[in-house]
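In what follows, a single structure is set out as structure tokens and then discussed.
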Amino acid sequence: MPRYNPATVEPKWQAFWAEHNTFAAPRVPAGRKIYVLDMFPYPSGDGLHVGHPEGYTATDIVCRYQRMRGTSVMHPMGWDAFGLPAEQHAKKTGTHPRTTTEKNIANFRRQLKMLGFSYDWDRELATTDVDYFRCTQFIFLKLFDTWFDAEQQKGRPISELPIPDDVSEEGEEAVRRYQDEHRLAYQIEAPVNWCPELGTVLANEEVQGGVSERGGYPVIRIPLRQWMLRITAYADRLEKDLESLNWSESIKALQRNWIGRSTGAEVDFFIGMTPGDDGKPDQRQYQGWLRDRELGGYPRKPDLDVLRIYTTRPDTLFGATYMVIAPEHPYVARLTQPGQADAVKAYCEEAARKSDLDRTDLAKEKTGVFTGSYAINPVNGKPIPIWVADYVLISYGTGAIMAVPAHDTRDYEFAAEFGIDIVAVVDPGEAEGVSRDDVLAGKQVFTELGVAVNSGEYDGLPTNEFKKKIAEDLAAKGLGRTAINYKLRDWLFSRQHFWGEPFPILHELDADGNLTGMVRAIPAEELPVDLPAEMKFDSTHASPEPPLEQAPADWLYVTIDGKKYKRESNSMPQWAGSCWYYLRFLDPKNSEALVDPEIEKAWMPVDLYVGGAEHAVLHLLYARFWHKVLYDWGYVSTAEPFQKLVNQGMILGEMEFTGYQDDNEQWVSAGDVKTNAAGQPISKTTNDLVTAVKVEAAAVEKQGEGFVLKDNAQIRVDSRAYKMSKSRGNVVNPDEVVREYGADSLRLYEMFMGPLEAVKPWSMEGVNGVRGFLDRVWRMIVDERSEEMTLNAAVQDAQLSDEQNRMLHKTIKAVTEDVDAMAFNTAIARMMEFTNFFLKEDVRPRSAMEKLVLMLSPYAPHVAEELWRLLGHDDTLAYEPWPEYDASALVESTVEIPVQVQGKLRGRIRVPVDADQAALEAAAKADPKVAEHLEGKKIVKTVVVPGRMVNFVVK
RNA sequence: GCGAGAGUGGCGGAAUUGGCAGACGCGCUGGACUUAGGAUCCAGUCCCGCAAGGGGUGCAGGUUCAAAUCCUGUCUCUCGCACCA
């Protein structure tokens, strides 16, 4: 009977591991430690996807390998369980989100256990656990209780915030408001991205090109009171500390790009308090202002009589021929002259109505309107017109720019559109790709570095020197200062969901029951703030108002010391729970602290963090931000949470061939098909829609660069693998794969497909292939013809032959080096070679078989345990020492060396390993094939690399 | 447009201090065993060629005794960002 049958072997060992608590992690490590973390999944109703086990298998291999090397391993798993789908399900069916969530978690847990991962399940947690979000709320209180000291670059308790005298003179309420303005968690009334379809407000990051990232629904902007987290305060540290991390350069680049640090200068342009009838500031006032600035210096906050701008190119100040302020800029109304009022008002209203989608869509053509007012360019005293245009964003820099059309593409387009002067102030010289004459004539835009012209005393300065010089000069005159800006925005931290962590915040009510604008934090010892138990779920949610506004009054309203309060009804975003779960895993049941400091110190940081690249920016940036705040408070001992990060590549569906047919079901070659604006395939010649038709692999053949129909070689077909999706019907279900081939085969296949970080197409035949390998390993060791589990007769307590020994140690060396490099695909290939070799051996020494089983066990743990037992061991192999290789066993007495003539391979010679140059050369010349090619030629040069190759250069 | 990464057989991929291109697996071809085969085993499988030989790592150049690997240019694809002043 005993053919390899994963359906019996796998559940048996899963039960064994659970019963013996095989993978329990110690409270603190004994000796060397490794903390290996998977990005915990959102337990969706669809269950596990084959993408999940890819990263999970990789980390599981590392953990099992490290246990065998005597390392203390922390390897936990949990659930990122808050999220919109459960709430939408509740709206449809009335089922409480917690019920749905628990059901989904149970399914995920079953699936993960089915795959044999060596998690310490006693540490399991879900972000929806009340005890867990009690701690999440605690961290929020800390964020609320922190201000960022820019001097020290550190978060500090709000009680240490210095209060300016003029504020403290105004009284206690003013002080509280001042503090509230400086907290890391603060509230604003801001236009938010309301998505009616999803019934929620989205973060900027969740809106892609004006539509929701999930679902692609339209998003409109409406004002709402929101909680924000001041992540921008930590931008500098978040960027700088990337350097210390063992992350791929591409992920670091993504984060740097997202943070988007730029250095430049802020400059104040004088506009005056009351412009003249012509819209221009009074020259005498301007002169007075210049003198005041020279004496008083550059103020921290701009006065009302200036327009403050940010530029990365202060060297182009002389070329600024107009200015632009964003439609939302607070000065818009003030700067609008009566004659322009209607036009400006209309323009701003339209801009406000526009969704981000519209703004992006219309990006091709610049729009704007003149305010009628002018500002004075501080370098030459010239008045320049101020425009309102939506290509300037209120959320970046100061929301206002100086426009230099000659040297900025956007300004150039705008100036061309509206006929504004273009003055070149940077001479491109011999720079490539531009015509110097055209640039100097204002007919072509030039945005690179060059040499200053038309810039008064600065003429002749190279761009970089000019930048430095003018920044100093402006600072000396009190007109500007060097400044740093970030693309990163503060984090919109509230959501209009029921199914999220409630904020531990109360809003003060006045006698009429209206919000006073003052808030009060719930003390840490009174946490958690649980969600209301009784809750009705509406199927319609047509307003952006949070569902918790409909919560029972006894939850929503609180009276403390006779004062009435209303609970915050927003909830936290899903990101909140995933910001710190790696800490809670270390000490999941601690009721006193987030994590015991002794335990935290012993296990942190996470040594290996594996997950999808889709979290390269947001999750990782948010978690790093929280970690740094906790670090500033002394709750954690490391500046960064995740030392090494690896992103597994996406697994695509099976490779597909796609042909195209027109309305008459006639084939259209893929070369004649393009996509239209709506993304549909159309014919290049007729522009008619064509239909994509799936073509079987058997019906196509390779021709040249691509594939064509076998029946009609004129018709090219597309060949590619697509992202798995329900709509495409190419989703692979892990349950089915396990049923058909077993968990070990699934694990092995996912690792064998290719490098962990690469994007790879699925292939069911490939799974079958690795299953064949496991079958061969089984037959190599087990006697299949026997009814009992019996060793194959070839497995004997015998000495290894030299060749067997070499094979064994070669394999140990390669597999060990590969797992250290996380090159699992080649490690598996080496074990396949080992198996192919020993299957041909009549005697398979037991010790060699045991070592293979140990090496295979991280990849295919169930079958390995089963074989280990058959080989005569009573206990799990999880803590057996990892095989060591013997370098002396690798040495061969002779080696085959290629011989080239003119760089072309002409023969191979077998020589002693230590053959010297002369011996190699002689042996090479003696080879008949080589001799043939040398005959009648003169040897000009002989290259001999001992142990590697010989090359003759002849004439 | 900007940034990052990648182009190697029919397919997934291996080989990177420059040194035998195609490890390993799939698929395919032929054979053995068999009532049967989607089991197993054996042999073959980069392309052209009967062979000798020639060609070959997206394309075009270059460096070198020797290039998938280094340099220059170029094309294509994937991912991310996208009016960030």
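Keep in mind that the numbers below use all heavy atoms, side chains included, and drop hydrogens, waters and symmetry copies. Per chain, numbering begins at 1; letters A, B, ... match sequence-line order.
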* Any side-chain N or O of A:Lys941 under 4.0 Å from OP1/OP2 of B:C65? -> yes
* Asked: When all nucleic acid strands are considered with a 4.0 Å heavy-atom cut-off, which category describes A:Asp775: base, sugar-phosphate, or nothing?
  -> nothing
* Touch class at under 4.0 angstrom, heavy-atom based, for A:Gly260 against every strand present -> nothing
* State whether the number of non-hydrogen atoms from other residues, nucleotides or ligands found under 6.0 Å of A:Lys252 atom NZ is greater than 12. => yes
* OP1 or OP2 of B:G25 under 4.0 Å from side-chain N/O of A:Asn836 -> yes
* Take atom CD of A:Glu896 as the centre, draw a 6.0 Å sphere, and report whether it contains more than 12 heavy atoms from other residues, nucleotides or ligands. => yes
* To do: Would you classify A:Val953 as touching base, sugar-phosphate or nothing, given that sugar-phosphate means primed atoms plus P, OP1 and OP2, and contacts are heavy atoms under 4.0 Å?
  => sugar-phosphate
* Side-chain donor-acceptor contact under 3.5 Å, A:Tyr4 with A:Ser745 -> no
* When you check the glycosidic angle of B:G73, does it come out syn, meaning within 90° of 0, or anti? -> anti
* Polar side chain donor-acceptor pair, A:Ser395 to A:Arg489, under 3.5 angstrom -> yes
* To do: Rounded to whole angstrom, note down the C1' distance from B:G9 over to B:G5.
  => 24 Å
* Mind checking A:Ile401 for me? I need base, sugar-phosphate or nothing, with any heavy atom below 4.0 Å counting as a touch. => base
* To do: Return yes if a side-chain donor-acceptor contact under 3.5 Å exists between A:Thr835 and A:Arg776, otherwise no.
  => no
* **Ring centres under 6.0 angstrom apart (A:Phe752, A:Tyr859)** => no
* Kindly confirm or rule out a cation-pi arrangement of A:Lys366 over A:Tyr391, judged by NZ or CZ under 6.0 Å from the six-membered ring centre and within 45° of its axis? => yes
* Asked: Just checking A:Met753: base, sugar-phosphate only, or nothing, at a heavy-atom cut-off of under 4.0 Å?
  -> sugar-phosphate
* Which nucleotide, B:C24, B:C26, B:A14, lies nearest any side-chain atom of A:Glu765? -> B:C26
* Counting heavy atoms from C-beta on, name the nucleotide in B:G12, B:A23, B:A85 closest to the side chain of A:Phe752. => B:G12
* At under 4.0 Å, does any side-chain N or O of A:Ser262 touch on OP1 or OP2 of B:A85? -> yes
* **C1'-based separation of B:A15 from B:A23 [nearest Å]** => 8 Å
* Asked: When we call it a touch if two heavy atoms are under 4.0 Å apart, what does A:Asn257 touch: a base, just sugar-phosphate, or nothing?
  -> sugar-phosphate
* Look at all strands and tell whether A:Val759 reaches a base, only sugar-phosphate, or nothing, counting heavy atoms closer than 4.0 Å. => sugar-phosphate
* If we take the P atom in both B:C83 and B:C77, what is their distance in whole Å? -> 23 Å
* cation_pi(A:Arg728, A:Tyr722) dist<6.0 Å, angle<=45 -> yes
* Asked: When all nucleic acid strands are considered with a 4.0 Å heavy-atom cut-off, which category describes A:Thr942: base, sugar-phosphate, or nothing?
  -> nothing
* To do: Please determine, for the side chain of A:Lys840, which listed nucleotide (B:C42, B:C20, B:G25) has the closest atom?
  => B:C42
* Asked: Looking for any heavy atom pair under 4.0 Å, which part of the strands does A:Asn485 touch: base, sugar-phosphate only, or nothing?
  -> nothing
* Say you pick atom P in B:G31 and the same atom in B:C20; how far apart are they, in whole Å? -> 37 Å
* To do: Ignoring the backbone of A:Arg908, work out which of B:C11, B:C20, B:A39 is nearest its side chain.
  => B:C20
* Please name the pair of heavy atoms, one in A:Leu393 and one in A:Asp390, separated by the smallest distance, quoted to 0.1 Å. => CD2-O, 4.3 Å
* To do: Could you measure between the two P atoms, the one in B:G56 and the one in B:A39, and give it in whole Å?
  => 39 Å
* Which nucleotide sits closest to the side chain of A:Phe707: B:G10, B:C41, B:A14? -> B:G10
* Which part of the nucleic acid, if any, lies within reach of A:Glu896 when heavy atoms closer than 4.0 Å are counted: base, sugar-phosphate only, or nothing? -> base
* To do: Please figure out whether A:Asn951 or A:Met650 has its closest RNA chain B nucleotide nearer the 5' end.
  => A:Asn951
* **Base B:C81 paired with A:Lys487 side chain (donor-acceptor, <3.5 Å)** => no
Close N/O contacts between protein and nucleotides 52-59 of chain B (under 3.5 Å):
| residue | atom | partner | partner atom | Å |
| --- | --- | --- | --- | --- |
| B:G54 | OP1 | A:Arg906 | NH2 | 3.4 |
| B:G54 | OP2 | A:Arg906 | NH1 | 3.2 |

* When we call it a touch if two heavy atoms are under 4.0 Å apart, what does A:Ser250 touch: a base, just sugar-phosphate, or nothing? -> sugar-phosphate
* **Contact nearer the 5' end of RNA chain B, comparing A:Asp411 with A:Phe952** => A:Phe952
* Sugar-phosphate only, base, or nothing, as touched by A:Arg830 at under 4.0 Å among non-hydrogen atoms -> base
